[in-house]
There are 2 protein chains.
Amino acid sequence: MSIRELAAQTGVSISTVSRVFNLPDKVNADTRAHVLQMAQAMGYLPNGSARSLRTQRSRVIGVVLPTLLNPVFAECLDGIAQAASDAGYAILPMTTNYQLAQEEQAVQQLFASNVDGLVLVVSNPATCSALQRLRTAGLPYVLAYNRHVDHPCVSVDSELAVRQVVARLVALGHRRITLISGKLAASDRAQQRQRGFFAGMAEHGLDGSQWLEVPFVETAVTEITALLQGSQRPTALVCSNDLIAIRSIRAATLAGLRVPQDISITGFDGIALGEDLTPMLSTVTQPNADIGRCSVKLLLQAFADGVPPAPSASLLLEQGFRTGESCAPAPLP
Amino acid sequence: MSIRELAAQTGVSISTVSRVFNLPDKVNADTRAHVLQMAQAMGYLPNGSARSLRTQRSRVIGVVLPTLLNPVFAECLDGIAQAASDAGYAILPMTTNYQLAQEEQAVQQLFASNVDGLVLVVSNPATCSALQRLRTAGLPYVLAYNRHVDHPCVSVDSELAVRQVVARLVALGHRRITLISGKLAASDRAQQRQRGFFAGMAEHGLDGSQWLEVPFVETAVTEITALLQGSQRPTALVCSNDLIAIRSIRAATLAGLRVPQDISITGFDGIALGEDLTPMLSTVTQPNADIGRCSVKLLLQAFADGVPPAPSASLLLEQGFRTGESCAPAPLP
DNA sequence: CTGTTAGCGCGTTCAA
DNA sequence: TTGAACGCGCTAACAG
């Protein structure tokens, strides 16, 4: 079913049919109605490939994410999909498993797919060569969750958020607080959160040297459990994401500790599931779907302007804190 | 950067360049190397739209899912993405929020996007008119999780799995067992699991009339909590998915019950996260990523055969049971 | 093994 | 307001 057949059946020219779909105002109301009716009847749909080839725009937004297995990115993708769909764009997602090589490859593939722009979450914007390629190619892109002065980003102030978490714990009487961080090399967010932890501990004159680095993907319950032995064990764990917090709760329980009576645990991300857990996760909440939606909006604005989003267009959204049930006053010594 | 420019720069014809990328064997090794080298240098990438227009194949697989916010579908999408990517296909996902109207709309959009085929999870294959459209259009599709004799499906035997769950609980001494089901109208899986529950209870001469229907998306903790009051409360809950099981654990705790000492709770899906919970979720495990991968494989096979997957090609994968920690012998009366 | 050529379906000039 | 004609970048059939 091509535009030609429809034109022939309708008794108008190809260009009239084309105009009906692209510049409806420029066509007589009666002919327009007629064409639309015939299109409906014949099940005509404009061919996307031909359209993209002709206009050099695909109406597709590429998406690069570390993984879908962490709900935080699934929630974000959901927001991206909504905003894109609302604007008549399709999305083409790829995952990288936090691996630099896969980031490169994903960008490469999306490049070849003629995406109009990209939303991506990379390990580290500072060292991501794929971003250079995008920039020199003039392909619009927006980073989500990442934060870097040289790139357009939609994120929250992770560092501040973790400093505030530390302050909360201190206010609850905790002194021995340990950071459970995701792999720093694989995530600038983990780095920011670590900085927030160090800053927060320093602000309160506490020893911030206790911290553990664990993988994002595999569980590290045994390592965390080991940390929780002995009388000088921490009374609170600050985890750099919700998944790690969930694993830490398990580790604590396996170590014979009760959460939150014996040990307090905080997360970061605000995944929806955390609210249904027992104990409900105490965590920094990010507007994950909104981060996705805003990233797409920035991209759409850039399409309209005809110029890639500038680093200065970066958005810092508000984070929050869900009190939850995994934090309590420090146990008496 | 078009094939023409590359050909000119390299000093060969455009068809030679084309062959280098599509039929590498049919081109002299030296010229091939030369072309590839130049392509690399000039940053040439074949234009996907032109390719699709010419070949009438987009190398894109459409994906229709209820939601990404349930990890079971995120895990499945991950499998789909892997298998598709391995075969050089991109994916174009859409979510429906368990709504019939959105299913129709998603299929419509994917239609217009010239996808080569679809993997979909629909509410109910028996009543899904979008599937008819796909079939009459001759567009290859595979259903994931759904199960129906008239359609090619990749699924597990939900009914059997739930019957076995009931048997396990009975073996643990439980008699008062209640089903917490997702909305039956929104999911044939929920229906199958309900049938499994009824059958399982009947097999053991137990009263299977106790069951509650709850939403998939919003939490229904209060309704579940209400169910757990009184001395005739159930000693075990069979939940029709893991998310509902997690909410049920919370409901039980809020009702003052300990899981599993006072009440046993089972899930269904085997989301990865369930393994990190405390108590670890006792649940029917499905090979979610594999369900996605197999669906894609069926589709790829169909592409190769030049004919849509037949209902008889349906695959029934093995489910399992993770013992977990949310089940225990029934408390003494 | 390589080159020439004809469209794939469409949007967009330019004329009428 | 409408139509005719061109070409987007590519693959495939055919010719050499």
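Order of the sequence lines sets the chain letters (A, B, ...), proteins ahead of strands, with each chain counted from 1.
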| said: Is a donor from one side chain sitting under 3.5 angstrom from an acceptor on the other, for B/Arg51 and A/Asn114? | reply: no

A correct 5'-to-3' footprint of nucleotides 7-16 of chain D, with B, S and - meaning base, sugar-phosphate only and no protein heavy atom under 4.0 Å, is BBBBBB----

Here the pair of heavy atoms bringing A/Val142 nearest to A/Ser295 is CG2-O, 3.7 Å

- Query: Does a donor on one side chain sit under 3.5 Å from an acceptor on the other, for A/Ser58 and A/Asp116?
  - Reply: yes

| Okay, side chain of B/Asp188, backbone of B/Arg147: is any donor-acceptor separation there less than 3.5 Å? | yes

* Asked: Quick one: are B/Val107 and B/Leu120 in side-chain contact, heavy atoms under 4.5 Å?
  -> yes

- Message: Which label fits B/Tyr145 and B/Phe73: parallel for a plane angle under 30°, tilted from 30 to 60°, or perpendicular past 60°?
- Response: perpendicular

Review point. Does any non-hydrogen side-chain atom of A/Leu68 lie less than 4.5 Å from one of A/Thr95?
Key: yes

Counted 5' to 3', the first and last nucleotides of DNA chain C within 4.0 Å (strictly under) of a heavy-atom of chain B are C/dC1 to C/dG9

